[in-house]
A.B. asks: 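I have a structure I would like to understand better, so I am pasting it below and will then ask my questions one at a time.
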Amino acid sequence: MLQIQLPDGSLVEHPDSATALDVAAGIGSRLAKAVVAAKVNDRIIDAFRPLAELTDLSPIPLQLLTDKDPEALDVLRHSSAHVMARAVMRLFDGVSLAFGPTINNGFYYDFDLDHKLSEDDFAAIEKEMAKIVKESEPFEQFSMDRSQAIQLCQDLGQALKVEHIETGLAEHDQLGFYRQGEFVDLCRGPHIPDAGKIKAFKLLSVAGAYWKGDAKGKQLQRLYGTAWFSSKDQQDYLDQLEEAKRRDHRVLGKKLGLFHINPEVGSGLCLWLPKGARVRVLLEDFLRNELLNRGYEPVYSPHIGRVELYETSGHFPYYRDSQFPPLFVEQAGGLIDAWIDRLQSEAGLSADEEMRLSDAAEVLGVELPDYKPTDDVATRIATLQAWQRQHERYLVKPMNCPHHAQMFRAQPRSYKQLPLRLMEFGTVYRYEQTGELNGMLRVRGLTQDDAHIFCTSEQVEEEFRNTIELTRFVLESVGLSDYRIQLSLRDPKSDKYVGSEENWNKAEAALRRVLEQSGLNFHAEEGEAAFYGPKADFMVRDCIGRQWQLGTVQLDYNLPERFKLEYVGPDNAMHRPVMIHRAPFGSMERFVGMLIEHFAGAFPLWLAPEQVRILPLSEKTNEYALQIEQQMKAVGLRVSTDVRGAKVQAKIRDAQLELIPYMAVVGPKEAETGAIALRDRLEGDLGALPIEQVLQKLQTEVQQRTIRQVAKHSEILEPTQETSSGLHEY
RNA sequence: GCUGCUGUAGCUCAGUGGUAGAGCACUUCCUUGGUAAGGAAGAGGUCAUGGGUUCAAGUCCCAUCAGCAGCUCCA
């Protein structure tokens, strides 16, 4: 007999062959029908398999999962992925299955097949899925040893599964399979008892994906879908997707005249139109003011710098491919650059090619008396690099830190001057891959609200604490109070980082210590660090539950070393400072893009590009309206007057659609009494008020940076996460 | 960068090989009004760019550029 302990602590006994479904049936038939999966400790298991196969514990701490449990949803979706794959295999020939995991709010399955899937196929696939769901066939599980499993996958014609068993699952002796009707899939599970539990599902999109996420690997077709326990839940989710779409900053940015991106300027290069620029200026002024109060000193640095500067910092070699190529003062610079590249490449250069390059260089007026094709490759490269150093090459700056490091070096530094906090809204350029560009969120020219703090190692923790506090203050002032911090550490297995083990250990330990002391919600993530140091990244949840990576604070013991930064300590000896890189907004482009989506374009009064629109009832009151406009402008409000010969209803409609927070309707009645009929974009007509009272009200709202409206937080949309649950890996 | 889809007026889109369209926005005129669209007229297009097929191309084919979705990347 099995001893089973239920969540309320009670113990029940069942025969050795009992499943979680049997346990549920023992409690009640309605429960048995509702059970989707079960949980033993933290492990989710199949409700339809004998418990004895799944655990050695006694008593077994069993929790039954029904459609009320979020974890059950994950199981449902995984099974839905199987149903979808089954439908696709019924409809198309030669389908090779890859992976079909769950993701937040849904699932996908990757296929290798000749037919190009498109949205036109969705109806047929969904219809086939509906058939499978209606048949309500049970899921069954079985295991096999390696050779049998490989044989089975070969018999099924599943080459990718065979490859996965041989590589990814090389350490597994036993491999699990699930069968549902004619469909058999290598799978760890768990699954729902039968397909009939899927009450709502929908295919969402089709896209390319790589086999095992490797960009060099085979290109597969990925079908995305979602599944739910009720069609109402599904509809809520689809509505939520619509809501996110409605907030798309690219659409709103166009509609509201905030920014513009066009190919004649260049992709990924953002033109800030007056209204968008206004929002940015307000944010910059707000932050600059705050930083001045906190002991930062503004600096300016140029948009380009010599390549050697970035060779020193390490950015140039490390990010070569995602930078705009160097600017050469000497015409032949590009030739020499390519020459070095070829020498460094695996293929190298043939004697003939070398000759032709030499000739070309000569034509361009390059003299290389020391270059001898008989020298070894390293010597030849060194000769060419020596030429490069004598002939300036510049980089459009991809980062501000090297410039700021040079500012530190501009004069001898004493410990008495530390911490030195240099701030700059620094515009940098990065050649992001074309597929990455996305409105303002991912651009090729961006302005960081950058600053670098140079301090002693004793000051590190306090400075770091202050920057964390600053970032929180800044986020909360725009109503972003739901965030957590990701402690981004190096990947111990990778060699892409610069600096000593010792420096890294110091930096990582310091960050962790401060975060622990602060009591903030944080989690560590390996492999997410910058190449020169660990980071604390702010992951911010917006009002509809989406997660954004915004501000960052980075601790850096390495660039000071690379730039040989020093200060004189109280002991009259030279010491190396520590650098803290930090940007509470991240970049102005990304931050404003996010804000547009967060507020759905309706900025709070303090950030609204236009705060008040004055609407004269007819042209007869235009003069009074303009007089009000002057009064409002005099107290710093951003106002315009709609003097068109349109009806007030039309003017109101336009102002509403432009998301202007307040409207001031003025007609003969108001002109007579010196009043304003104030209309609130959210509340509607507030009635006639004396001018002074309106000015007072609006000024207060601006000063307090009141946030009056954000969307209700959705219960349906789960927070987006960087990684999927990891529950179903194969 | 890869895979797929898309590119027609300022915006949203219709137009499946035979004379380039609608709504909104814009301009002018009429209307002078009380809290989400008053009326009329007008102007606006090398149909992304470059090639090709065809008697004939917005429409079919190829390339390039750009956008979108996903993957990969992100100092």
Side-chain angles (χ1 to χ4, degrees), chain A residues 103 108 110 116-120 204-224 248 250-251 254-255 257 260-268 310 313-316 318-319 321-323 397-402 428 430-439 441-444 446 448 450 496 498 528-533 535 537 549 552 554 556 559 581 583 586-587 590 615-622 644-658 663-670 677-681 683-688:
Chain A
I103 48 174
Y108 66 78
D110 287 347
K116 291 269 174 256
L117 291 168
S118 80
E119 295 196 7
D120 299 338
L204 295 179
S205 61
V206 57
Y210 299 109
W211 170 237
K212 298 199 169 178
D214 178 0
K216 292 183 203 76
K218 196 175 181 54
Q219 184 86 34
L220 306 170
Q221 301 192 67
R222 177 172 296 178
L223 268 182
Y224 283 89
D248 189 321
R250 293 166 299 193
V251 176
K254 195 178 270 184
K255 205 179 275 178
H260 181 58
I261 295 177
N262 87 357
E264 288 179 44
V265 176
S267 52
Y310 301 99
S313 70
H315 289 103
F316 181 66
Y318 192 86
Y319 289 109
D321 292 339
S322 44
Q323 281 166 359
K397 75 175 165 187
M399 258 315 214
N400 299 302
C401 33
V428 299
R430 298 169 182 181
Y431 194 80
E432 303 285 0
Q433 301 180 47
T434 47
E436 294 313 323
L437 300 174
N438 177 281
L441 300 179
R442 195 81 183 265
V443 287
R444 287 184 174 159
L446 56 134
Q448 298 176 310
D450 212 356
K496 68 173 189 172
V498 300
E528 294 293 314
F531 75 90
Y532 49 73
K535 311 187 283 179
D537 293 318
Q549 184 177 333
T552 179
Q554 309 173 0
D556 180 4
L559 290 191
H581 311 238
S587 88
R590 186 172 166 76
L615 310 178
L617 199 60
S618 77
E619 285 167 14
K620 289 174 189 156
T621 39
N622 276 359
R644 291 176 303 170
K647 283 170 65 163
V648 75
Q649 285 90 333
K651 295 181 184 182
I652 287 171
R653 184 182 138 89
D654 289 345
Q656 287 282 146
L657 292 176
E658 287 178 56
M663 282 149 267
V665 177
V666 292
K669 272 189 287 187
E670 287 77 19
L678 195 63
R679 181 187 162 96
D680 183 329
R681 189 183 70 83
E683 309 278 328
D685 190 3
L686 299 181

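Just so we're clear, the structure is a prediction, and the values are computed from it rather than from any experiment. Note on naming: letters A, B, ... go to the chains in the order of the sequence lines (proteins, then strands), and numbering restarts at 1 for each one.
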A.B. asks: What does G435(A) touch in the nucleic acid at a heavy-atom separation under 4.0 angstrom: a base, only the sugar-phosphate, or nothing?
C.D. replies: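 If one applies the 4.0 Å heavy-atom cut-off, G435(A) turns out to touch a base.
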
A.B. asks: Is R430(A) reaching over with its side chain to a backbone N or O of P398(A), donor-acceptor style, under 3.5 angstrom?
C.D. replies: yes

A.B. asks: Which part of the nucleic acid, if any, lies within reach of S313(A) when heavy atoms closer than 4.0 Å are counted: base, sugar-phosphate only, or nothing?
C.D. replies: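 No contact.
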
A.B. asks: Quick one: on RNA chain B, does Y319(A) or K620(A) contact a more 5' nucleotide (nearest heavy atom)?
C.D. replies: K620(A)

A.B. asks: Now, which nucleotide makes the Watson-Crick or G-U wobble pair with A37(B), with each of the two distances under 3.5 Å?
C.D. replies: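 Paired with no nucleotide.
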
A.B. asks: Would you sort out whether D685(A) and M663(A) count as a side chain to side chain contact (heavy atoms under 4.5 Å, CB included), showing the intermediate values?
C.D. replies: CA-CA 9 Å; D685(A) 190 3; M663(A) 282 149 267; over 6 Å; no

A.B. asks: With sugar-phosphate meaning primed atoms plus P, OP1 and OP2, does R679(A) contact a base, only sugar-phosphate, or nothing at under 4.0 Å between heavy atoms?
C.D. replies: base

A.B. asks: In whole angstrom, what separates L617(A)'s CG from G38(B)'s P?
C.D. replies: 13 Å

A.B. asks: Between the base of C74(B) and the side chain of R442(A), is one N or O donor paired with an acceptor at under 3.5 angstrom?
C.D. replies: yes

A.B. asks: Between G44(B) and A9(B), how many Å separate the two C1' atoms, rounded to a whole number?
C.D. replies: 6 Å

A.B. asks: Using both distances under 3.5 Å as the test, list the Watson-Crick or G-U wobble partner of C73(B), or none.
C.D. replies: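 C73(B) is unpaired by these criteria.
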
A.B. asks: Looking for any heavy atom pair under 4.0 Å, which part of the strands does Y532(A) touch: base, sugar-phosphate only, or nothing?
C.D. replies: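 Sugar-phosphate contact only - Y532(A) comes under 4.0 Å of backbone atoms but never of a base.
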
A.B. asks: Classify P402(A) by what it touches in the nucleic acid, base, sugar-phosphate, or nothing, heavy-atom distance under 4.0 Å.
C.D. replies: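 Here P402(A) touches no strand at all.
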
A.B. asks: Just checking, is any N or O donor in the side chain of Q656(A) or R679(A) under 3.5 Å from an acceptor N or O on the other one?
C.D. replies: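 Present: a donor and an acceptor within the cut-off.
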
A.B. asks: Using purine N1 to pyrimidine N3 plus N6-O4 or O6-N4 for Watson-Crick, or N1-O2 and O6-N3 for G-U wobble, each under 3.5 Å, what pairs with U6(B)?
C.D. replies: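 Looking at the geometry, U6(B) pairs with A66(B).
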
A.B. asks: Taking only the P atom of each, what is the distance from C11(B) to C29(B) in whole angstrom?
C.D. replies: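 Result for the P pair: 27 Å, nearest Å.
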
A.B. asks: With rounding to the closest Å, how many angstrom separate the P atoms on A22(B) and G67(B)?
C.D. replies: 30 Å

A.B. asks: Applying a 4.0 Å non-hydrogen cut-off, can you work out what P398(A) is touching in the nucleic acid: base, sugar-phosphate, or nothing?
C.D. replies: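 It contacts base atoms.
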
A.B. asks: Please work out if G645(A) contacts a base, only the sugar-phosphate, or nothing of the nucleic acid, heavy-atom cut-off 4.0 Å.
C.D. replies: base

A.B. asks: Would you measure the distance from the C1' atom in C26(B) across to the matching atom in U49(B) and give it in whole Å?
C.D. replies: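 That atom pair is separated by 28 Å.
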
A.B. asks: Over all strands shown, is Y210(A) touching base, sugar-phosphate only, or nothing at heavy-atom distances under 4.0 angstrom?
C.D. replies: base

A.B. asks: Please state the P separation for the pair C74(B) and U46(B) - nearest whole angstrom.
C.D. replies: 43 Å

A.B. asks: State whether the distance check finds a donor on one side and an acceptor on the other, under 3.5 Å, for side chain Q221(A) versus base C71(B).
C.D. replies: no

A.B. asks: Is Q323(A) touching bases, backbone alone, or none of the nucleic acid, heavy atoms closer than 4.0 Å?
C.D. replies: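 Counting heavy atoms under 4.0 Å across all strands, the contact made by Q323(A) includes a base.
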
A.B. asks: Could you tell me how far A25(B) sits from A66(B) if I compare only their C1' atoms? Round to whole Å.
C.D. replies: 24 Å

A.B. asks: Name the pairing partner of G58(B), where a pair is Watson-Crick or G-U wobble with both distances under 3.5 Å, or state none.
C.D. replies: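 Looking at the geometry, G58(B) pairs with no nucleotide.
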
A.B. asks: Rounded to the nearest 0.5 Å, what separates atom NZ in K669(A) from atom OG1 in T621(A)?
C.D. replies: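 Reported value, rounded in 0.5 Å steps: 12.0 Å.
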
A.B. asks: For V648(A), report the nucleic acid contact type (base, sugar-phosphate, nothing); a contact means any heavy atom under 4.0 Å.
C.D. replies: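 Result for V648(A) = sugar-phosphate.
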
A.B. asks: Using a heavy-atom cut-off of 4.0 Å across all strands, would you classify E432(A) as base, sugar-phosphate, or nothing?
C.D. replies: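 Answer is nothing: E432(A) stays at 4.0 Å or more from every strand.
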
A.B. asks: Is there a Watson-Crick or G-U wobble partner for G23(B) with both distances under 3.5 Å, and if so, which one is it?
C.D. replies: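 Across any shown strand, G23(B) pairs with C11(B).
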
A.B. asks: Please classify the nucleic acid contact of N438(A) as base, sugar-phosphate, or nothing, using heavy-atom distances under 4.0 Å.
C.D. replies: sugar-phosphate

A.B. asks: Taking the P atom in each of C61(B) and G18(B), what is the distance between them to the nearest angstrom?
C.D. replies: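 One P to the other, the span is 16 Å.
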
A.B. asks: Describe the nucleic acid contact of A677(A) in one word from base, sugar-phosphate, nothing, applying a heavy-atom distance below 4.0 Å.
C.D. replies: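 It contacts base atoms.
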
A.B. asks: Classify the nucleic acid contact of K669(A) as base, sugar-phosphate or nothing, counting any heavy atom under 4.0 Å across all strands shown.
C.D. replies: base

A.B. asks: Between H315(A) and F531(A), how do the two ring planes meet: parallel, tilted or perpendicular, split at 30° and 60°?
C.D. replies: perpendicular

A.B. asks: If you look at every heavy atom in G667(A) and L617(A), which pair is closest and at what distance?
C.D. replies: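 Closest pair (atom of G667(A), atom of L617(A), distance): CA-CB, 3.8 Å.
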
A.B. asks: Is it the case that G34(B) (base atoms only) and E670(A) (side chain only) share a donor and an acceptor within less than 3.5 Å, ignoring hydrogens and angles?
C.D. replies: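 Such a pair exists between side chain and base.
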
A.B. asks: Between C47(B) and U31(B), how far apart are the P atoms? Round to whole Å, please.
C.D. replies: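 Approximately 42 Å lies between the P atom of U31(B) and that of C47(B).
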
